[in-house]
Amino acid sequence: MIKIQNYINGELVAPQNGLYLDSFNPATGQVHAQAPDSGRQDVDEAVQAAQNAFPDWSRCSARTRAGYLRKIADLIERQLPQLSEAESADNGKPLQLAREVDIPRAAANFRYFASAIEQFSSESHFMEGQGINYTLRRPIGVAGCISPWNLPLYLLTWKIAPALAAGNCVVAKPSEITPLTAFLLAQICREAELPAGALNIIHGRGETAGEALVRHPQVGCLSFTGGTQTGAQIAGRAAPAFKKISLELGGKNPNLIFADCNYRQMLETTLHSSFANQGQICLCGSRIYVEETLYKKFRHDFVARVKSLKVGDPLRAVHLGAVVSKAHQEKILAYIELAKQEGGAILTGGKAVRVEGRCADGWFVAPTVIEGLPNRRRANQEEIFGPVVTIQPFKSESEAVNLANQSQYGLAAILWTENLSRAHRIAERLQAGIVWVNCWMLRDLRTPFGGVKNSGVGREGGFEALRFFTEAKNVCIRY
Ligand code: NDP
């Protein structure tokens, strides 16, 4: 049994209350690790360590900080097999996905922000004959970073890399459901000899450790990725203390398919955008709208392809592994039942899958396609965050855009058409922070990442992230 520890002031330490939480392997349903059930005292200690480390860390050169980040990236790459196995065991995702996407992208996050901080520049404003202003971008101090369970190491590093690069010290709280790779990252940081206190990782529950971090008066900014309800709670706590916040929240993303698309490429990518990571990616396209003239063909081919997807032991060559927890499996199945009550017909899937052998007690759900569910029904409006999509036809471009925008969310949208004018026209009209045209999850780390409406506040990625983790100070000099 792996016993996970907190990482405070460069040391791996037990929680002060001595309490631990069981961590399950979703594919087997068995406990495979224990993680600290940290309380306020642990958070206080971590914030204190971060504060103590801040003067030195923030004053060392960007090049020095970048050097540490690159060292961490190298070590992540060197430990790719162990990290991938841990991520798959903790989350239920296919090992191959962890090896090809999650872990390499975690290393890429460190590498990218190491370069970005070396390129980051500020502005100056010249006042003819009078003087000059220049903008200093200084780190905030202690940054709180809270991340979810679906892409555990990838999303954790997406926050801590820019925060550290910009000169902040960090207290991070990964999801209690998937703590393992954050623990391995702490070991990597020790190996990289990252200065003590620059990064601190506290494990524990959102309502205790997370809450203490959010409320801590010495935490100057909060970067959060997770559910919309939790995000609203955090915003409510942060606002009276005037903390800077960045919230990356839920989505219910539309996938608009026009008859003039590159059909083969669209079908292949739509399988991924619907079911990658068991549909547990905030960017998955879960509402599929298809132009009426193509609908029958798409329905036939898509359902046939979904039926052929393999669900099973994440260590084998499967398309879908386990969903993250028993509670989450129950939530997904309850939404499928709701969709049926609301008038949806299940074309394939719609139930739990039993996998033989070591995964007999694991939590699996069949990839599910639902037809005929009216757009405004709950199952078409609320985030299910599982391998469930709905399909429906549309007649015109404006109907497609209206259906897509009829949502409280606005994270991402996917658009399939070979008509250039239409692509630009619709991309402009879609209420979303990210629009993918003829692709999905093609990521360039320099681009702004985030959502509109109930999908969040602020942007991550590129210089946007470095701007979030710094305060702008204007210096005005008179001649
Ligand atoms: P949650 O909101 O439940 O949890 C996210 C993190 O916040 C976890 O570390 C959690 O801890 C912690 N937390 C929970 N309550 C509090 C609190 N009161 N104060 C401080 N921290 C708290 O989300 P999930 O982990 O269930 O993740 C799934 C959600 O994340 C989905 O809605 C998904 O769309 C969204 N997401 C958004 C992305 C984006 O970029 N927009 C990307 C990926 C996911 P613990 O787990 O220990 O309770």
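In listed order, ligands and their atoms are each counted from 1.
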>> Ring centroids only, cut at 6.0 angstrom: are Y289 and W416 within range, meaning strictly under it?
In response: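 Judged by ring-centre distance (under 6.0 Å), Y289 and W416 do not meet the cut-off.
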> Does the ring centre of W158 sit less than 6.0 Å away from the ring centre of F110?
Replying inline: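 Ring centres of W158 and F110 not closer than 6.0 Å.
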Using a heavy-atom cut-off of under 4.0 Å, does the side chain or the backbone of [X] touch ligand 1, or both, or neither?
X    : value
E383 : side chain
I281 : neither
L249 : backbone
Q233 : side chain

Please write down residue, atom name and distance for the protein heavy atom closest to [atom].
atom                    : value
atom 12 (C) of ligand 1 : I146 CG2, 3.7 Å
atom 15 (N) of ligand 1 : T230 CG2, 3.2 Å
atom 28 (C) of ligand 1 : F385 CE2, 3.7 Å
atom 25 (O) of ligand 1 : W149 CD1, 2.9 Å
atom 35 (C) of ligand 1 : G226 O, 3.2 Å
atom 23 (O) of ligand 1 : G227 N, 3.3 Å
atom 44 (C) of ligand 1 : N150 ND2, 3.5 Å

Which of the numbered atoms in ligand 1 are below 4.0 angstrom from a heavy atom of [X]?
X    : value
E248 : 37 (C), 39 (C), 40 (O), 41 (N)
L155 : 42 (C), 43 (C)
G204 : 47 (O)
F449 : 40 (O)
V214 : 20 (C)
E176 : 45 (P), 46 (O), 47 (O), 48 (O)

> Got V324 and Q329 here, is their nearest side-chain heavy-atom distance under 4.5 Å?
Replying inline: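 Sidechains of Q329 and V324: no contact.
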> Does the side chain of L12 reach to within under 4.5 Å of the side chain of F183, using non-hydrogen atoms?
Replying inline: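 Yes, side chains in contact.
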Is it the case that the side chain of [X] and the backbone of [Y] share a donor-acceptor pair, with hydrogens and angles ignored and the cut-off at 3.5 Å?
X    : Y    : value
E248 : G226 : no
R287 : K252 : yes
N200 : G197 : yes
R459 : A465 : no
K93  : A276 : no

> Do we get R354 above W363's six-membered ring, with its NZ or CZ under 6.0 Å from the centre and within 45° of the axis?
Replying inline: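 Not flagged: R354 not positioned over aromatic ring of W363.
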> Is there any N or O on R205 that sits under 3.5 Å from an N or O of ligand 1?
Replying inline: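 Between R205 and ligand 1, no N or O pair is found under 3.5 Å apart.
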> Does any N or O atom in G206 lie less than 3.5 angstrom from one in ligand 1, N or O only?
Replying inline: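 For ligand 1, there is an N or O atom that lies under 3.5 Å from one belonging to G206.
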> If you measure only the distance, is there a donor-acceptor pair under 3.5 Å linking the side chains of Q406 and Q431?
Replying inline: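 On atom types as modelled, these side chains do not qualify, holding no pair under 3.5 Å.
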>> Whether the S407 and Q381 side chains hold a donor-acceptor pair (N or O, under 3.5 Å, no angle test) is what I'd like checked.
In response: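 Per modelled atom types, S407 and Q381 side chains form no pair under 3.5 Å.
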> How far apart are the C-alpha atoms of R190 and E11, what are their side-chain angles, what is the distance that settles it, and do they pass the salt bridge (Lys or Arg N to Asp or Glu O under 4.0 Å) test?
Replying inline: CA-CA 8 Å; R190 279 164 60 82; E11 302 293 334; 3.6 Å; yes
Out of [options], whose heavy atom sits nearest [atom]?
atom                    : options                : answer
atom 5 (C) of ligand 1  : L247, L411, T225       : T225
atom 39 (C) of ligand 1 : C282, A327, S325       : C282
atom 9 (O) of ligand 1  : P148, G210, S147       : S147
atom 11 (O) of ligand 1 : E211, H203, K173, H328 : K173
atom 46 (O) of ligand 1 : S175, P174, C145       : S175

> Can you check salt bridge (Lys or Arg N to Asp or Glu O under 4.0 Å) on E268 and R305, steps first, answer last?
Replying inline: CA-CA 9 Å; E268 215 50 57; R305 289 295 301 275; 3.0 Å; yes
> Got more than 12 heavy atoms from elsewhere within 6.0 Å of CZ, R137?
Replying inline: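 It does: R137 CZ has more than 12 such atoms within range.
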Under a heavy-atom criterion of less than 4.0 Å, does [X] contact ligand 1?
X    : result
A209 : no
G456 : no
G231 : no

>> Taking E342 first and then R376, would you say they form a salt bridge - that is, a charged N and a carboxylate O separated by under 4.0 Å?
In response: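 No salt bridge links E342 with R376.
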